[in-house]
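A short write-up of the structure that comes next.
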Amino acid sequence: MNPDICRERENATFNTETLTNMLDGSAEKTRRRREIESLVINDPDFQHDDPNFMSRSERYDAAVKKSSQMIMKLRDYGISDPEEIYFYKRTARRTFHEAFGLHYTMFLPTLYSQCTPEQQKKWLPLAENFKALGTYAQTELGHGTHIRKLETTATYDPSTQEFVLNCPTVSSIKWWPGGLGKTSNHAIVLAQLYTLGKCHGLHAFIVPIRCMKTHQPLPGVTVGDIGPKFGFEEVDNGYLKLENVRIPRENMLMKYAQVEPDGSYLKPPSDKLTYGTMVFIRAMIVGESARALSKSCTIAIRYSAVRHQSELRPGEPEPQILDYQAQQYKLFPLLAAAYAFTFVGQYMSDTYHRITGHINQGDFSQLPELHALAAGLKAFTTWTANAGIEVCRMACGGHGYLCCSGLPDIYVTFTPTCTYEGENTVMMLQTARFLVKCYRQAREGQQLSGTVSYLNEQQRLQPQPVSSRPTVVNINDLASLVEAYKLRAAKLVEVAAKSLQGELQRSISQEDAWNNSSIELVRASDAHCHYVVVELFAAKLSEISDTAVHSVLNTLALLYALHGITLNSGDFLQLSQITQRIKALLVEIRPNAVALVDSFDYNDEMLNSVLGRYDGNVYESMFEWAKRSPLNRTEVRSFIIFNIIQKK
Ligand SMILES: CCCCCCCCCCCCCCCCCCCCC/C=C/C(=O)SCCNC(=O)CCNC(=O)[C@H](O)C(C)(C)COP(=O)(O)OP(=O)(O)OC[C@H]1O[C@@H](n2cnc3c(N)ncnc32)[C@H](O)[C@@H]1OP(=O)(O)O
Ligand SMILES: Cc1cc2nc3c(=O)[nH]c(=O)nc-3n(C[C@H](O)[C@H](O)[C@H](O)COP(=O)(O)OP(=O)(O)OC[C@H]3O[C@@H](n4cnc5c(N)ncnc54)[C@H](O)[C@@H]3O)c2cc1C
């Protein structure tokens, strides 16, 4: 064990196990999570070749093999709880991405949430037993965001009681779905429903695409892989063209909207229920932001504790790079964000399950808030985490650029979360739509509840507009900081609403007014989400009884809140005081930095990083890893070089 990292752990002011238990929910939950993780880590079937030294095809083949083994093993171990399946897969995913990822994350959840009981009876056994292997095919070459303009059609034929599916143009070819190219034999296809000559908009259909016996594409189906990408090399994101593909009427997902045998159409209670799976994944991605950022911080902070470089004082030994204030300023606010997002991720998951419980009982009143919250927090947390992973990589200097640091893979795997499941700017604009609506309701005297209840206060404080009120903050008091964020959110929502109003007064259309105000609208959503994160971090502190853990998390919460103020300084006051306070907080966090990342409890196998190793023995491991590069298999790799040298 590296002596620097041992000393860091000895100097910590709190018990890492207590904090890990709190993050997991209880000591028992930590025990069970670790037990599941060890099933993968100690399994010889999961000791595979490093994918960095494999070709794309080899990686795909290995991923399919591992994914199939996982299914068998989960069955053998009797693991069926979705959270436990997730722990198992998360551990197995450490060095390869799953071939059946979309089956778990979108195909199955869509069947669970949008099938009638009769449909569930037919499809769930097939899907849960992996006979029907599925994906979620919504995006087309021409449209990803504006899904109302998707062109794939499903036209009902009452004479045979079938839907006929077509992708009539090049731009209507389905493009991107994970696992579509080579792996899936079914797809949930989002298509414009036509019945009795009328279009009823987007609906979801279960479409068999490959024969369940031979795995050959079915008649009318053209399907394949879209080629290499920025990351996710193992995954066969695919294309799909459907030409007169007929499916039975019962293959339309009919929990909400229905087509009767004679072709008559029964409307759903809300036409946005078709979009439910996207809301689910957006809600789950918030927790994924926390995990990607906490992993990156673990690597960068542990490495910064063992890396020595330059001089602080002439003649003295080189310090650990973690002792540089600039290094702390890069990493500790990200560490604080990783904790904040962990709590926000838990909140988002709980909120999703609570509100979908109400939706299942027929109460749709909270759907707009759920959509706005999931869209906004997905965008807010993925943007921060995405930028933060790159900061962590650069904080490791040159070694951070090596694949064996683990950071490049975390980055290329995480960065598409800013695009998929709703491009982030578009998601922020959806949240803004909700905020502006709430602002207007509050102005009309309606009492708002939930995360937007702060907009009620603007009504109470009228006639003085929020934007002219001064922000006075006690920078040592979290409650005061929450108030400052609340006021900033109220101010920026008001600015956005007024911009819209101003544009409309110039008698331009609603749509143009919206486009001309989009900078203010995105800023309003960003401020709202930032407020929600600070508020939830503060609320979490009140649940913590262990004094030492409370104290260290309070320091992190203060740093998160104050650093956010400096990043958005135009919206707040008292800047120089805040900077001084931030410097003091960095010093306070320094002795606990390694213990704080240890508490995330990533073991070496999951972290898969030579720089973030628990024992700190980074250089020996880097050398061992380099020796395994295929380019090192022979001393002279290219005789072209040899010939050039000879000629000279
Ligand atoms: C064996 C047992 C197994 C157990 C299994 C367990 C499984 C556990 C799984 C755990 C998973 C956790 C891990 C997570 C990891 C994540 C990895 C996932 C990999 C994903 C790969 C990627 C997939 C994709 O990308 S799929 C495609 C996604 N596409 C999009 O997101 C498109 C984005 N566009 C849109 O959403 C819309 O078009 C939008 C919102 C931009 C505009 O829609 P519109 O119809 O044009 O609407 P508009 O006129 O603007 O607004 C109308 C109105 O409706 C409101 N609205 C819009 N959307 C919604 C919604 N979704 N819900 C509710 N309301 C909505 C909108 O706000 C407007 O409201 P008003 O203002 O009131 O009019
Ligand atoms: C790795 C990966 C996996 C994916 N997996 C799947 C999958 O399994 N299934 C599936 O169906 N899809 C999948 N997708 C597709 C993904 O959902 C879309 O790429 C995503 O929804 C964004 O749509 P787009 O590509 O059309 O971007 P565009 O909408 O074309 O975005 C381009 C730019 O235009 C801007 N823009 C667009 N509309 C507006 C607006 N209204 N206001 C302001 N700015 C706007 C955006 O902000 C962005 O800057 C995947 C994508 C990736 C990268």
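Whatever order the structure lists ligands and atoms in, that order sets their numbers, starting from 1.
When each atom of ligand 2 is checked for a heavy atom of L429 under 4.0 Å away, the hits are 42 (N), 43 (C). Applying the 4.0 Å criterion to heavy atoms of Y136 picks out, from ligand 2, the atoms 7 (C), 8 (O), 9 (N), 10 (C), 11 (O). Remark: ligand 2 atoms within the under-4.0 Å shell around heavy atoms of Q138 are 11 (O). Close approach of ligand 2 to P416 is summarised as follows: ligand atoms under 4.0 Å from at least one heavy atom of the residue are 1 (C). The contact set between ligand 2 and G178, taken as ligand atoms under 4.0 Å from a residue heavy atom, comprises 7 (C), 8 (O). Atoms of ligand 1 found under 4.0 Å from any heavy atom of L108 (numbered from 1 in listed order, with element): 3 (C).
With respect to atom 19 (O) of ligand 2, the closest heavy atom belonging to the protein is T419 CG2, 3.9 Å. When only non-hydrogen protein atoms are considered, atom 40 (C) of ligand 2 lies nearest to V426 CG2, 4.1 Å. Closest protein heavy atom to atom 52 (C) of ligand 1: K272 CE, 3.5 Å. The nearest protein atom to atom 23 (C) of ligand 1, hydrogens excluded, is given as E421 OE2, 3.1 Å; this is a heavy-atom distance. In this structure, the protein non-hydrogen atom closest to atom 25 (O) of ligand 2 is G144 CA, 4.7 Å. Of the protein's heavy atoms, I281 CG2, 3.9 Å lies nearest to atom 16 (C) of ligand 1.
Residue T139 has no N or O atom closer than 3.5 Å to an N or O atom of ligand 1. For I285, no nitrogen or oxygen atom sits less than 3.5 Å from a nitrogen or oxygen atom of ligand 1, counting backbone and side chain alike. For a threshold of 3.5 Å applied to N or O pairs, the pair formed by W175 and ligand 2 contains no separation below that value. Residue E423 places at least one N or O, backbone or side chain, under 3.5 Å from an N or O of ligand 2.
A centroid separation of 6.0 Å or more is found between the aromatic rings of F434 and H371. For F130 and Y104, the distance between ring centers is under 6.0 angstrom.
Checking D601 against T30 by side-chain atom types alone, no donor-acceptor pair falls below 3.5 Å. Looking at T169 and S171, their side chains do bring a donor and an acceptor atom within 3.5 Å of each other. For the residue pair N386 / T415, a side-chain donor-acceptor distance below 3.5 Å is found, with atom types taken as modelled.
At a heavy-atom cutoff of 4.0 Å, ligand 2 is contacted by no atom of T135, backbone or side chain. Here L190 has no heavy atoms under 4.0 Å from ligand 2, in either its backbone or its side chain. At a 4.0 Å heavy-atom cut-off, ligand 2 touches L102 through the side chain alone. At a 4.0 Å heavy-atom cut-off, ligand 2 touches T425 through the side chain alone.
Distance remark: protein heavy atom not present below 4.0 angstrom from atom 32 (C) of ligand 2. Protein non-hydrogen atoms do reach within 4.0 Å of atom 47 (O) of ligand 2. There is a protein heavy atom less than 4.0 angstrom from atom 5 (N) of ligand 2. Put simply, atom 1 (C) of ligand 2 has protein non-hydrogen atoms near it, under 4.0 Å away. Atom 9 (N) of ligand 2 is approached by the protein to below 4.0 angstrom, counting heavy atoms only.
Using a cut-off of 4.0 Å between Lys/Arg side-chain N and Asp/Glu carboxylate O, E98 and K89 are scored as salt-bridged. Ion pair R440/E444 not flagged as a salt bridge, since none of the NZ, NE, NH1 or NH2 atoms sits closer than 4.0 Å to an Asp/Glu carboxylate oxygen. One finds a salt bridge joining R393 and E390 here, because a Lys/Arg side-chain nitrogen approaches an Asp/Glu carboxylate oxygen to under 4.0 Å. The pair E503-R506 meets the salt-bridge criterion, since a charged nitrogen lies less than 4.0 angstrom from a carboxylate oxygen. A salt bridge links R32 with E35; the closest basic N to acidic carboxylate O contact falls under 4.0 Å.
Taking only non-hydrogen atoms, the option from M278, R90, E369 nearest to atom 30 (C) of ligand 1 is M278. Scanning K437, R282, Q430, H371 for the heavy atom closest to atom 36 (O) of ligand 1 points to R282.
Among residues two or more places apart in sequence or in another chain, the salt bridge (Lys or Arg N to Asp or Glu O under 4.0 Å) test is passed with E151 by none.
Under the 4.0 angstrom criterion for non-hydrogen atoms, G144 is in contact with ligand 1.
Within the 3.5 Å criterion, the main-chain N or O of R210 finds no donor-acceptor partner in the side chain of N185.
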